[in-house]
Amino acid sequence: MNHHVRSGIALTLVVTVGLCGSTAAATADAGSIKDKTAEASSVTARKVRIGVAYDIGGRGDQALNDSVAAGIDRAVAKLGLGPVEEVETGAGDTDEKREKLLSRLASEGHNPVIAVGLTYALPLAQIAVKYPRTKFAIVDDATFKGPNISNLLFAENEAGFLAGAAAALKSRAHHVGFVGGVKDPYNQKYQAGFQAGARAVRPRVKLDTSFITVSPDFGGFTDPQRGKAKARALYKKGADVVFHAAGASGSGVFAAAKAAGGLAIGSDVDEALSADATVRDAILTSVLKRADAAVYDFIKRFTTKKTKPGIKIYGMKSGGIDYATTGGKVHDIRIKLDAYKRKIATGAIKVPTRLSRPRGPLSHSSAQSAADAAEPVAPSVSMPAVGACSRR
């Protein structure tokens, strides 16, 4: 009996030791596999070569391009990516020229390729068909869609709402203004949000609006002198706070604000950090379009093969829209602005994307803008066959 017990114990010990040895070996193998997987992932990341086609103004535009650049820089640093190739379009460039820029990036093996702004809409649609294995992303446009195109959009209307609320809260004259760089669907969403935000604070606030150019003339984003002239006219009419969505032309708006003793609100990035030192004290705040977060999110998904084609909108709820506090001029209204942010994020406030009918005192320019808003915002459409596309 004792012999059988001893034999059983011995057998148990042998099996146990064998199992432990197998488990240890399996654990070691698993660790090795994990290390190799991590190493492979790291090697893959190092092989990622991003191609970026910036909109008019490129790096240093103090607007959307700079925000995209910040996201790319962050991705390269945190994910250990390979070198980045950057190109940019000019104000006088044609679709053909922009198509060549994108073709160059894709043909040289850059993947993913990121295009900034609606000026690349048709060129990207053409090139994406020619390079089906390349992943493309276009920031701020959804005109065309495709199986290898990710459309990274933002809730400009929500950003405009914050600007309008801040302007109305700080305006002593109860009169505010908006300067758009180019009259296009995206700037009109800013305009609609601005109106809604201002009226949420003060229903009968006076609103003036002026656009520098009308699409397809995109020079309004790179003309500080015309931006200054447009803003100066609004201050002369009585506005004491002016919001701009005019790219590099915004520096002229800040100069006009300083000269008039008024305030201005920037867009896309925290412009108080990069504006000329002589005008920074005229900047109330900037509404932030977090293109850096959107682009970083896209690139990170690319490295893990989780990119998805189609539209993704970054709004208040997803942290894609915010406002800046640099300079301290909004400290006394932060509680109210943050309350509006929460209401928008939870859906308690639905911010319009088109102007409402005039209500309360409006200048001629505002009434005209409201009439213009009767035109519907250009809808997004699925990508048609190449050759059937036309610029909007």
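These numbers were taken from a predicted model, which means no experiment stands behind them.
Taking OG1 of Thr285 as the reference point, atom NE2 of His331 lies at 10.5 Å (rounded to 0.5 Å). Atom CD of Glu86 sits about 6.0 Å away from atom CD1 of Ile72, to the nearest 0.5 Å. Taking CD from Gln188 and CG from Asn157, the interatomic distance works out to 13.0 Å, rounded to the nearest 0.5 Å. Atom NZ of Lys312 and atom CG of Leu152 lie 9.0 Å apart (nearest 0.5 Å). To the nearest 0.5 angstrom, Phe254 atom CZ is 3.5 Å from His244 atom NE2.
Remark: aromatic rings of Phe194 and Phe161 are distant, center separation not under 6.0 Å. For an aromatic pair to be called close, the ring centres must be under 6.0 Å apart, and Phe178 with Tyr190 fails this.
In this model, no donor atom of one side chain and acceptor atom of the other lie less than 3.5 Å apart for Asn111 and Thr134. Between Thr326 and Asp270, the side chains place a donor N or O and an acceptor N or O closer than 3.5 Å (distance only, hydrogens not considered).
Ion pairing between a basic and an acidic side chain is recognised when a charged N comes within 4.0 Å of a carboxylate O; Arg301 and Asp297 show such pairing. The pair Lys289-Asp322 fails the salt-bridge criterion, with no side-chain N (NZ, NE, NH1 or NH2) lying under 4.0 Å from an Asp/Glu carboxylate O. A salt bridge is absent between Lys350 and Glu158; no separation between the charged side-chain nitrogens and carboxylate oxygens falls under 4.0 Å. Comment: Arg59 does not engage Glu88 in a salt bridge, judged by the lack of any side-chain N to carboxylate O separation of less than 4.0 angstrom. With salt bridges taken as basic N to acidic carboxylate O contacts below 4.0 Å, none links Lys329 and Asp281.
Not one N or O on the side chain of Asp55 forms a donor-acceptor pair closer than 3.5 Å with the backbone of Leu64. Judged by distance alone, the side chain of Arg226 and the main-chain N or O of Ile212 form a donor-acceptor pair under 3.5 Å. A donor-acceptor pair under 3.5 Å is formed between the side chain of Arg280 and the backbone N or O of Ala275. With hydrogens and angles ignored, the 3.5 Å screen pairs a side-chain donor or acceptor of Ser249 with a backbone N or O of Asp223. Of the possible polar contacts, one joining the Thr213 side chain to the Gly220 backbone as a donor-acceptor pair under 3.5 Å is found. Remark: the backbone N or O of Val176 is not paired with any side-chain donor or acceptor of Ser171 at under 3.5 angstrom. Side chain of Tyr120 to main chain of Tyr54: a donor-acceptor pair is present (N/O by atom type, distance under 3.5 Å, no hydrogens or angles). One N or O on the side chain of Asn151 and one on the backbone of Phe144 form a donor-acceptor pair closer than 3.5 Å. Checking side-chain atoms of Asp141 against main-chain N and O of Gly117 turns up no donor-acceptor pair under 3.5 Å. Looking at Thr346, its side chain does come within 3.5 Å of a backbone N or O of Arg342 through a donor-acceptor pair.
Side-chain contact between Asp140 and Phe154 is present, with at least one heavy-atom pair separated by less than 4.5 Å.
Note on Val116: it clusters hydrophobically with Ile299, by side-chain heavy-atom contacts below 4.5 Å among ILVMFWY residues.
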| task | Evaluate the side-chain contact (heavy atoms from CB on, under 4.5 Å) criterion for residues Leu124 and Ile149: first the C-alpha distance (whole Å), next the side-chain angles of each, then the deciding distance (0.1 Å), finally the verdict. | result | CA-CA 9 Å; Leu124 182 68; Ile149 300 175; 4.1 Å; yes
| When you look at Asp95 and Arg98, which way does the salt bridge (Lys or Arg N to Asp or Glu O under 4.0 Å) test go after all the steps? | CA-CA 5 Å; Asp95 281 345; Arg98 285 185 277 269; 3.4 Å; yes
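Ring planes of Phe221 and Phe218: parallel class, angle under 30° (limits at 30 and 60°).
Counting heavy-atom neighbours within 6.0 Å of Ile333 CD1, excluding the residue itself, gives a total above 12.
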